[in-house]
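Beneath this line is the structure, given in structure tokens, with notes to follow.
Every chain is numbered from 1, with letters handed out A, B, ... down the list of sequences.
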Number of protein chains: 2
Amino acid sequence: MARWQSGSRERLAEAALRLFATQGFERTTVAEIATEAGLTERTFFRYFADKREVLFAGSERFEAGFLDGVAASGATTPMALVTASLRQAAEFFTEDRRAWSRSRAVVVAANPALQERELHKMGGVVETLTAALVERGVDAVTAGLAAETGVSVFRRAFAAWIAEGESRPFAELQDELLTRLQALLGSP
Amino acid sequence: MARWQSGSRERLAEAALRLFATQGFERTTVAEIATEAGLTERTFFRYFADKREVLFAGSERFEAGFLDGVAASGATTPMALVTASLRQAAEFFTEDRRAWSRSRAVVVAANPALQERELHKMGGVVETLTAALVERGVDAVTAGLAAETGVSVFRRAFAAWIAEGESRPFAELQDELLTRLQALLGSP
């Protein structure tokens, strides 16, 4: 999967991330991104509404993973449903995406407005996952707690996955954290 | 404990919250707060560095609760330490503080900058609690997971405690959530 090597969209995304990383998100213009990618602004706007969308373009598909995992699972306990959700979401983070995710995280961490958007995105996942659990018969309080705990595990797995020098797959890191979580509460 | 009924500090805090709630945090000046409290700006600045500090003045004591709980506990498992931490933190939220907390939450929710500060505050609690667990011999990964899970429970207990019409004490609501969390992970 040469996701980031071909096509105008990919070239624009790579160029944008390179510029965000070197000169800052705020200081980078769409014109500069287009030039860096060897394309026109017009082409840029065919793919992205604005420069911020370069960083958040995959959000719907990312969020959908969490829901698909619940939908495809025959599990009946809340935590088994959350585990199914997280395992499906993990498939989004393929090896060819790791370098991009790593650079993206540095750009987001450097900009409060982007951080806020990112937090909002993850808050949205907690909400939709909660709703999906409720739909499967889990009471609202437990569903909220289960969804938030699951998303905490996901975020920590993500941080580990993009850490310098880490090479294990996302799913493996996340499963390890899920096991730790179980152990945590299995031994009150 | 007539915490909010006497003293200049309390009068200023009450006046500020009343104005923030009715005319918005941004639009309220320190001069207006002082006038509303029947005091001078000079007096205001004896107690608070700026108007934002009215809303975050108790933060150190609030955070200290989480740490004191760990320090005073003889527990050896991570989750028992987190439970001790949460129970100590709950003592901050006495009945005479509920109305204030309720109004404060509305003001914070209406202002993105205040929300960010609040998130930052809770992020600080996760970090210091993680460090306290590590100091008690818990490995860093488990400590981070335990601290974040604990703070999620705390935040949900807080939201329940300030909900319209809720009259049960903070500690009771929080213990109920902790029980649910245990049940959640006891049944994989």
Side-chain angles (χ1 to χ4, degrees), chain A residues 73 75-84 86 109 111-120 122-123 126 130 133 138-161 163 166 173-188, chain B residues 73 75-84 86 109 111-120 122-123 126 130 133 138-161 163 166 173-188:
Chain A
S73 171
T76 52
T77 68
M79 213 51 208
L81 288 166
V82 167
T83 299
L86 263 54
N111 186 295
L114 295 175
Q115 275 180 290
E116 203 189 319
R117 167 79 189 262
E118 186 76 354
L119 278 172
H120 188 78
M122 295 315 298
V126 173
T130 300
L133 294 176
V138 181
D139 74 272
V141 175
T142 299
L145 208 53
E148 189 163 325
T149 304
V151 171
S152 293
V153 166
F154 166 82
R155 285 194 297 105
R156 285 174 182 268
F158 183 80
W161 185 65
E166 180 56 67
L173 294 164
Q174 188 171 255
D175 275 354
E176 194 185 304
L177 282 163
L178 279 166
T179 302
R180 277 178 194 262
L181 183 70
Q182 292 284 0
L184 198 59
L185 288 133
S187 60
Chain B
S73 170
T76 52
T77 68
M79 214 51 208
L81 288 166
V82 166
T83 299
L86 262 53
N111 186 296
L114 295 176
Q115 274 181 290
E116 201 189 320
R117 168 77 189 263
E118 186 77 355
L119 278 172
H120 187 77
M122 294 316 297
V126 172
T130 301
L133 294 175
V138 180
D139 75 90
V141 175
T142 299
L145 208 52
E148 190 163 323
T149 304
V151 170
S152 294
V153 166
F154 166 81
R155 284 193 297 103
R156 284 173 183 269
F158 183 80
W161 185 63
E166 180 57 65
L173 295 163
Q174 188 171 256
D175 275 355
E176 195 185 304
L177 283 163
L178 278 167
T179 302
R180 276 179 195 261
L181 184 69
Q182 291 284 358
L184 197 59
L185 288 133
S187 59

| said: Would you compute the distance between atom CD of Glu176(A) and atom CG of Leu181(A) and round it to the nearest 0.5 angstrom? | reply: 13.0 Å
| field | CG on Leu178(B) to CZ on Arg180(B), rounded to 0.5 Å | value | 12.0 Å
| request: Nearest 0.5 Å please: distance from the OG1 atom of Thr142(A) over to the CG atom of Leu177(B). | output: 8.5 Å
| said: Under 4.5 Å from any heavy atom of chain A, what part of Thr149(B) do you find: side chain, backbone, both or neither? | reply: side chain
| task | Might you point out which heavy atoms bring Val138(A) and Pro78(A) nearest each other, and give the distance in Å? | result | CG1-CG, 4.0 Å
| Contact summary for Ala147(A) and Leu133(A), nearest pair of heavy atoms | N-CD1, 4.2 Å
| message | Tell me every residue that passes side chain to side chain contact (heavy atoms under 4.5 Å, CB included) with Ala75(B), counting only those two or more places apart in sequence or in another chain. | response | Ser73(B), Ala80(B), Leu81(B)
| note | Among residues 152-159 of chain B, residues within the sub-4.5 Å heavy-atom range of chain A, in order of number, are Ser152(B), Val153(B), Arg155(B), Arg156(B)
| How many angstroms lie between atom CZ of Arg117(A) and atom CG of Asn111(A), to the nearest 0.5 angstrom? | 12.0 Å
| remark: Whatever's closer than 4.5 Å to a heavy atom in chain A on Val126(B) counts as side chain
